[in-house]
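Structure first, then comments.
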Amino acid sequence: MAKVLTSKAENYSQWYNDLVSKADLAENSAVRGCMVIKPYGYAIWEKMQAQLDKMFKDTGHVNAYFPLFIPKSFFSKEAAHVDGFAKECAVVTHYRLMNDPDGKGVVVDPDAKLEEELIIRPTSETIIWSTYKNWIQSYRDLPILCNQWANVVRWEMRTRMFLRTTEFLWQEGHTAHETAEEALAETTQMINVYASFAEDFMAIPVIKGAKSANERFAGALETYTIEALMQDGKALQSGTSHFLGQNFAKAFDVQFANRDGKLDYVWASSWGVSTRLIGALIMAHSDDNGLVLPPKLAPYQVVIVPIYKNDEQLAEISVKADEIVAKLKARGISVKYDNRDSQRPGWKFAEYELKGVPVRLAIGPRDLENGSIEVARRDTLEKSIEQLENIDQFVADLLDKIQENIYNKAFQFREENTTKVDSYDQFKDLLVTKGGFFLAHWDGTVETELKIKEETKATIRCIPFDGAKEEGKCMVTGKPSSQRVIFALAY
RNA sequence: CGGGGUGUAGCGCAGCCCGGCUAGCGCACCUGGUUUGGGACCAGGGGGUCCCAGGUUCGAAUCCUGGUACCCCGACCA
């Protein structure tokens with residue numbers, strides 16, 4: 001087959017860029033750092049949205065929408081929060097353009113300067129908590145369990161399609177509670193929702209855990225994360241859920257009358273996942289032939305390619321193909337019958353491999369005679385001839401198998417690339433030669449964490465929830481530690 | 001924001017050092033024909049402010065100055 005992608009081995013990040021563009025997911029736009037998400041890429045996002053939205057609703061949440069602009073003054077109300085975001089905010093200073101008095105084009109009208117600048121949201125805690133203040137008077141108004149699907153802007157220095165773009169799409173949940181326990185339970189519930197979405201739908205195994213103080217969200221008391229391992233041995237933070245304590249309630253003076261008739265500040269959580277998940281999907285499963293999509297998120301789960309020599313043959317094949325389409329659709333399987341005459345079969349095979357369609361069916365004159373059909377699976381690239389009868393059942397089972405197989409493959413990869421280390425020298429060596437996740441003891445101090453980051457670029461990805469309690473010594477300082485944490489190089 | 005690199009047809013590139021006739025190649029595109037079980041072949045055809053602005057020169061894709069955009073490597077991050 002003609003090679004259209006740089007191979008992973010040759011240059012991983014070039015492979016990634018090639019794939020994004022050749023699989024028609026996204027392209028760079030006229031605006032620095034901002035991408036155009038193309039229909040095929042957006043279709044994957046829509047699948048993700050639909051499933052996540054369902055999971056949010058099933059756990060009692062509702063959707064709302066808050067403004068894109070945030071008054072600058074809101075940002076000074078929570079000190080840690082502004083520290084975290086100040087350096088990457090886009091600011092609106094004027095509201096009008098005028099014709100350039102000196103010639104062609106337009107300039108900003110200096111008379112149209114805003115009294116107070118507006119920040120384009122990098123995240124919505126501040127605008128939402130200023131709103132919640134009006135919604136909450138009593139414990140009877142709690143909890144508030146809102147989510148919003150939105151775009152946000154963070155003025156990043158270096159961008160990469162899906163992984164880090166200046167503008168990105170996400171969802172952000174913002175909840176308000178009577179008690180710390182309730183807010184913490186919500187924080188935990190949502191990291192669990194993210195983990196099951198990642199594992200059951202994206203087919204990506206993740207490690208749930210808490211961020212170290214240093215890696216926490218700006219303004220949070222706890223940040224929980226799901227960490228996934230990519231095929232190049234680097235970690236990708238794939239979703240976070242924050243316990244915000246009473247920080248934002250205090251910053252925006254959101255108090256409520258509790259059950260004892262006393263005023264108290266509201267407890268909060270926030271949680272989000274973004275279009276970065278598409279980057280995770282690419283880097284977790286795909287190969288040198290292109291994208292490999294988990295069936296549960298593939299815009300098309302099945303494609304049917306007819307093979308024919310003339311119009312009569314195509315007509316005969318189409319009768320069969322239409323039957324198959326109807327049977328698959330009846331099972332809720334999304335299928336495309338590609339009967340375009342403008343491309344030849346070989347071209348189509350390569351194209352759908354590039355786009356990661358999980359199952360490809362090819363049907364030609366030979367099959368009409370034999371009552372058979374060729375089935376090709378994207379994950380293993382295996383082909384087989386199957387009976388046309390009950391092909392819908394066969395395909396339905398195969399899609400389940402593929403979903404399971406790519407999860408298992410990713411899981412096995414993670415197992416093979418998770419290493420327990422006890423000495424700092426061994427850690428430094430294997431970090432470079434092997435990569436992946438490292439389970440190591442850490443003394444719990446920011447100083448040690450920063451020293452490791454400075455010397456190796458590795459960070460603590462999380463303190464895993466299900467990590468075994470185990471007495472040990474910090475690999476750097478030798479001070480006591482009660483649990484191994486996960487270190488890795490990260491995106 | 002620091003270091004390096006690149007902007008020439010929709011995409012990928014050659015030409016630039018050493019200025020000179022009509023700016024070239026591959027893919028893609030259009031037309032016709034033959035094809036169609038792994039990215040078809042033949043013939044014909046269309047498409048260019050050579051990133052932008054200024055300068056040097058009889059003459060600039062090519063040399064000079066400034067700007068700008070993108071890519072790669074670092075520090076910052078979902």
Side-chain angles (χ1 to χ4, degrees), chain A residues 1-6 11-14 16-18 21-22 27-35 83-89 122-123 150-172 194 211 214-218 223 225-228 235-242 270-280 289-290 305-311 313-314 317 339-354 360-370 372-376 381 383 385 453-454 457 459 490-491:
Chain A
M1 189 203 311
K3 199 185 98 163
V4 291
L5 299 178
T6 304
N11 183 338
Y12 192 85
S13 71
Q14 189 58 48
Y16 177 85
N17 289 338
D18 284 358
S21 119
K22 294 289 166 53
E27 63 188 33
N28 279 313
S29 71
V31 183
R32 177 198 159 80
C34 294
M35 63 179 172
D83 277 356
F85 287 103
K87 288 167 291 183
E88 50 185 36
C89 284
T123 180
N151 56 341
V152 287
V153 168
R154 296 181 189 175
W155 213 265
E156 302 289 351
M157 288 304 176
R158 274 187 73 192
T159 60
R160 292 196 66 194
M161 299 245 229
F162 292 113
L163 297 176
R164 187 177 304 106
T165 45
T166 301
E167 179 190 12
F168 58 94
L169 305 183
W170 78 345
Q171 60 66 217
E172 46 181 328
Y194 289 153
K211 285 290 184 187
N214 184 51
E215 297 276 330
R216 248 175 231 152
F217 176 76
T223 288
T225 177
I226 51 171
E227 297 287 324
L236 186 73
Q237 177 176 311
S238 304
T240 46
S241 182
H242 314 290
S270 70
W271 29 274
V273 294
S274 71
T275 37
R276 171 178 257 203
L277 290 180
I278 296 176
N289 294 313
V305 177
I307 292 149
Y308 56 95
K309 295 199 193 301
N310 52 50
D311 287 350
Q313 256 180 17
L314 176 60
I317 291 163
N339 61 353
R340 285 178 298 171
D341 193 39
S342 52
Q343 305 295 354
R344 300 166 77 255
W347 189 94
K348 292 176 187 174
F349 293 171
E351 175 73 4
Y352 292 114
E353 257 158 38
L354 211 38
R360 182 186 74 233
L361 303 175
I363 178 164
R366 232 149 54 192
D367 300 301
L368 290 185
E369 264 178 50
N370 304 335
S372 65
I373 190 161
E374 183 189 84
V375 180
L381 297 171
K383 289 192 285 197
I385 305 295
K453 184 175 179 183
E454 200 168 303
K457 291 174 198 154
T459 49
Y491 277 95

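If you take OH of A/Tyr12 and P of B/rC73, they are 14 Å apart, rounded to a whole angstrom. In this entry the distance linking CZ of A/Arg158 with C1' of B/rG3 reads 12 Å, nearest Å. Atom pair A/Leu368:CG and B/rU36:P shows a separation of 16 Å (rounding to whole Å applied). Atom P of nucleotide B/rC11 and atom CG of A/Asn17 are separated by 16 Å, given to the nearest angstrom. Atoms CD1 (A/Ile317) and P (B/rU36) sit 13 Å apart, rounded to a whole Å. The interatomic distance linking A/Lys457 (NZ) with B/rG74 (C1') rounds to 7 Å, in whole Å. For A/Ile307 and B/rG38, the CD1 to P distance is 7 Å, given to the nearest whole Å. Between the CD atom of A/Gln313 and the C1' atom of B/rG37 there is a distance of 11 Å, rounded to whole Å.
Using modelled atom types and a 3.5 Å distance limit, the side chains of A/Thr6 and A/Asp18 yield a donor-acceptor pair. Side-chain atoms of A/Asn289 and A/Glu353 include no donor-acceptor pair closer than 3.5 Å. A/Asp341 and A/Tyr308 share a donor-acceptor pair across their side chains, judged by distance under 3.5 Å alone.
Within 4.0 Å (heavy atoms only), A/Arg340 reaches no atom of the nucleic acid at all. At a threshold of 4.0 angstrom between heavy atoms, the contacts of A/Leu277 with the nucleic acid are absent. In this structure, A/Ser29 reaches neither bases nor backbone, as no heavy-atom distance under 4.0 Å exists between it and the strands shown. Within the nucleic acid shown, A/Leu169 has no heavy atom closer than 4.0 Å to any nucleic acid atom.
Comparing atom distances between the A/Glu156 side chain and each of B/rG38, B/rA78, B/rU36 picks out B/rA78 as nearest. The A/Pro365 side chain lies nearest to B/rG37 when the options are B/rG37, B/rA78, B/rG39. Taking only side-chain atoms of A/Glu351, from C-beta outward, the nucleotide of B/rG39, B/rC77, B/rA78 with the closest atom is B/rG39. The nucleotide whose nearest atom lies closest to any side-chain atom of A/Arg344 is, among B/rA40, B/rG39, B/rG38, B/rA40. Picking from B/rU36, B/rC77, B/rG37 the nucleotide with the shortest atom distance to the side chain of A/Tyr308 gives B/rU36. With B/rG39, B/rA78, B/rG38 as the candidates, the nucleotide lying closest to the side chain of A/Phe168 is B/rA78. Out of B/rG39, B/rU36, B/rA78, the shortest distance to the side chain of A/Ala350 is found at B/rG39. In this structure, the nucleotide among B/rC77, B/rG39, B/rG38 sitting nearest to the side chain of A/Lys383 is B/rG38. When each of B/rG39, B/rG38, B/rA78 is scored by its nearest atom to the side-chain atoms of A/Gln237, the top-ranked nucleotide is B/rA78.
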request  = For A/Trp170 and A/Phe168, run ring pair (Phe, Tyr, Trp, His ring centres under 6.0 Å): C-alpha distance rounded to whole Å, both residues' side-chain angles, the deciding distance at 0.1 Å, then the answer.
outcome  = CA-CA 7 Å; A/Trp170 78 345; A/Phe168 58 94; 5.8 Å; yes
task = Evaluate the salt bridge (charged side-chain N to carboxylate O under 4.0 Å, His left out) criterion for residues A/Lys87 and A/Glu156: first the C-alpha distance (whole Å), next the side-chain angles of each, then the deciding distance (0.1 Å), finally the verdict.
result = CA-CA 9 Å; A/Lys87 288 167 291 183; A/Glu156 302 289 351; over 6 Å; no
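The shortest distance between the side-chain N/O atoms of A/Asn28 and the OP1/OP2 oxygens of B/rC71 is below 4.0 Å.
Between A/Arg340 and A/Glu351 no salt bridge is recorded (no basic side-chain N to carboxylate O distance below 4.0 Å).
Residue side chain A/Gln343 does not reach the base of B/rG39 through any donor-acceptor N/O pair under 3.5 Å, judged by distance alone. At a cut-off of 3.5 angstrom, counting only N and O atoms as typed in the model, there is no donor on one side facing an acceptor on the other between the side-chain of A/Lys309 and the base of B/rG37.
Between B/rA23 and B/rA60, the two C1' atoms lie 13 Å apart (nearest whole Å). Look at the C1' atom in both B/rG7 and B/rC13: the space between them is 12 Å, to the nearest Å. Between B/rU68 and B/rA28, the two C1' atoms lie 29 Å apart (nearest whole Å). When the C1' atom is used for both B/rG24 and B/rU65, the distance is 30 Å, rounded to whole Å.
Using N1 to N3 plus N6-O4 or O6-N4 for Watson-Crick, or N1-O2 and O6-N3 for G-U wobble, each under 3.5 Å, B/rC1 pairs with B/rG74. B/rU31 is paired with B/rA43 under the criterion used here, namely a Watson-Crick or G-U wobble arrangement in which both key atom distances are under 3.5 Å.
Summarising the local packing, CH2 of A/Trp155 is surrounded by 12 or fewer heavy atoms from other residues, nucleotides or ligands at distances under 6.0 Å.
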